[in-house]
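Only one structure is covered here, and it is reproduced in the block below.
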Amino acid sequence: MDFNGQVAVVTGGARGIGKAIAEGLAKKGITLVIADISLEQATETSAEVGKLGVKTIAVKLDVSKSDEVTKTFEDVSKEFGRIDILINNAGITRDGLVLRMKEDDWDAVININLKSVFLCSKEAVKIMAKQRYGRVVNIASVVAFMGNPGQANYSASKAGIVGLTKTIAKEYASRGITANVVAPGFITTAMTDALPENVKEEMKRAIPLGRFGTVEDVANAVVFLASPDSGYITGQVVHVNGGMYM
Ligand code: NAP
């Protein structure tokens, strides 16, 4: 995988899966922009990832705000002169059964998880099209394919990402840009760690590989799709879920 001189933007890169993706890309020598709603956490992560020997910067960005997105991509383009990789990873949950779900919770999840992918991809693809090269990797979820009680907003946002990604893939293939989805299953994070042991055991029984995924399991798939080696793969969904959905 030759990533020589490449620049990547990772949204929600300050912690969790986004941070692991940033680390995975940094190990390949890629210049990194860690864009997150929390500047403090992004700055900390940027300093940590920078220890791997790459240039990194932290940017405060709310991915659901079009003016902030436009400014961020303009600034990155001015600073580094190119953007090769966009990882749309920022995401939130606001769970509730459909009958009880507040409209605000629906809107927040759709805006931060789905509209953000449209806004960030639009800005990145502008730059990538001029370069005639780009990799867009969008983080969805297994629930986009299975549904999940209590997650109407979240599963709709993640299913929307799949259609959006396939469309970007078709519209910009001729410009050397690929767009793919990584759909994680249950990944060990602070959130899943906090679940009671019996709940975790029951969830694991639904996973043929018998364990939760790690953030590195997700990052490994993302790094491959972000690399020049994945050049004949576009509009695809890579499921990283231990076999719980196939
Ligand atoms: P996480 O630990 O909560 O990290 C998400 C990051 O995104 C945080 O740094 C968060 O900042 C940031 N963020 C939230 N809202 C934002 C906004 N409006 N603009 C910019 N950044 C924002 O989540 P994760 O578990 O790593 O998940 C990462 C992605 O994987 C998400 O898209 C998620 O839906 C998906 N996913 C996760 C799992 C799982 O099991 N963990 C499974 C399937 C899919 P704050 O911390 O300051 O809010």
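FYI, side chains are in, hydrogens and waters are out, and symmetry mates aren't considered; it's all heavy atoms of this structure. Counting starts at 1 for both ligands and their atoms, in listed order.
Under 3.5 Å, the side chains of Ser46 and Thr56 contain a donor-acceptor pair of N or O atoms.
A side-chain contact (heavy atoms from CB on, under 4.5 Å) with Val142 is found for exactly one of Ile187, Asn148, Asn241, namely Asn241.
Residues Asn88 and Ser116 fail the side-chain proximity criterion, which asks for heavy atoms closer than 4.5 Å.
Between Asn89 and Gly13, the shortest heavy-atom contact is ND2-N, 4.5 Å. Minimum heavy-atom separation, Gln6 to Pro228: NE2-CG, 4.2 Å. The minimum heavy-atom distance linking Pro208 with Met244 is given by the pair CD-N, 3.6 Å.
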Which donor-acceptor pairs under 3.5 Å do side chains of residues 198-207 form with protein atoms, sequence neighbours excluded?
| residue | atom | partner | partner atom | Å |
| --- | --- | --- | --- | --- |
| Lys200 | NZ | Asp193 | O | 3.3 |

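At least one heavy atom of Asp36 sits closer than 4.0 Å to an atom of ligand 1. Not a single heavy atom of Phe212 sits under 4.0 Å from any atom of ligand 1. Within the structure, the closest approach of Ala42 to ligand 1 does not fall below 4.0 Å when heavy atoms are considered. For Ala140, the closest heavy-atom approach to ligand 1 falls below 4.0 Å. The closest approach between any non-hydrogen atom of Lys158 and ligand 1 is below 4.0 Å. Ligand 1 has no atom lying under 4.0 Å from any heavy atom of Gln41.
With distances taken over non-hydrogen atoms, the option nearest atom 31 (C) of ligand 1 out of Val109, Thr11, Ile17, Asn89 is Asn89. For atom 46 (O) of ligand 1, the choice among Lys65, Arg15, Glu40, Lys60 with the nearest heavy atom turns out to be Arg15.
The contact set between ligand 1 and Ser38, taken as ligand atoms under 4.0 Å from a residue heavy atom, comprises 47 (O). Near Gly16, meaning under 4.0 Å from one of its heavy atoms, ligand 1 places the atoms 2 (O), 26 (O). Atom numbering of ligand 1 starts at 1 in the shown order; those under 4.0 Å from a heavy atom of Ile92 are 14 (C), 15 (N). Residue contact check: Tyr154 has heavy atoms under 4.0 Å from atoms 33 (C), 34 (O), 35 (C), 36 (N), 43 (C), 44 (C) of ligand 1. Near Gly185, meaning under 4.0 Å from any of its heavy atoms, are these atoms of ligand 1: 40 (O), 42 (C), 43 (C). If you number the atoms of ligand 1 from 1 as listed, the ones under 4.0 Å from a heavy atom of Ser141 come out as 43 (C), 44 (C).
Both the backbone and the side chain of Asp62 come within 4.0 Å of ligand 1, judged by heavy-atom distances. Only the side chain of Ile112 comes within 4.0 Å of ligand 1, judged by heavy-atom distances. Counting heavy atoms under 4.0 Å from ligand 1, residue Leu61 touches it through the backbone alone.
In this structure, Lys60 places its NZ atom where more than 12 heavy-atom neighbours from other residues, nucleotides or ligands lie under 6.0 Å away.
Ile34 contributes atom CD1, which lies 11.0 Å from atom CD1 of Ile21 (distance to the nearest 0.5 angstrom).
In the hydrophobic clustering of ILVMFWY residues, with side-chain heavy atoms under 4.5 Å counting as a link, Ile177 and Phe118 come out together. A chain of hydrophobic side-chain contacts below 4.5 Å, direct or via other Ile, Leu, Val, Met, Phe, Trp or Tyr residues, connects Ile168 to Ile127.
For the pair Phe186 and ligand 1, the shortest N or O to N or O distance does not fall below 3.5 Å. For ligand 1, one of its N or O atoms has an N or O atom of Val63 under 3.5 Å away.
Applying the side chain to side chain contact (heavy atoms under 4.5 Å, CB included) test to Val237 and every residue at least two apart in sequence or in another chain returns Phe145, Val162, Val181, Ala183, His239.
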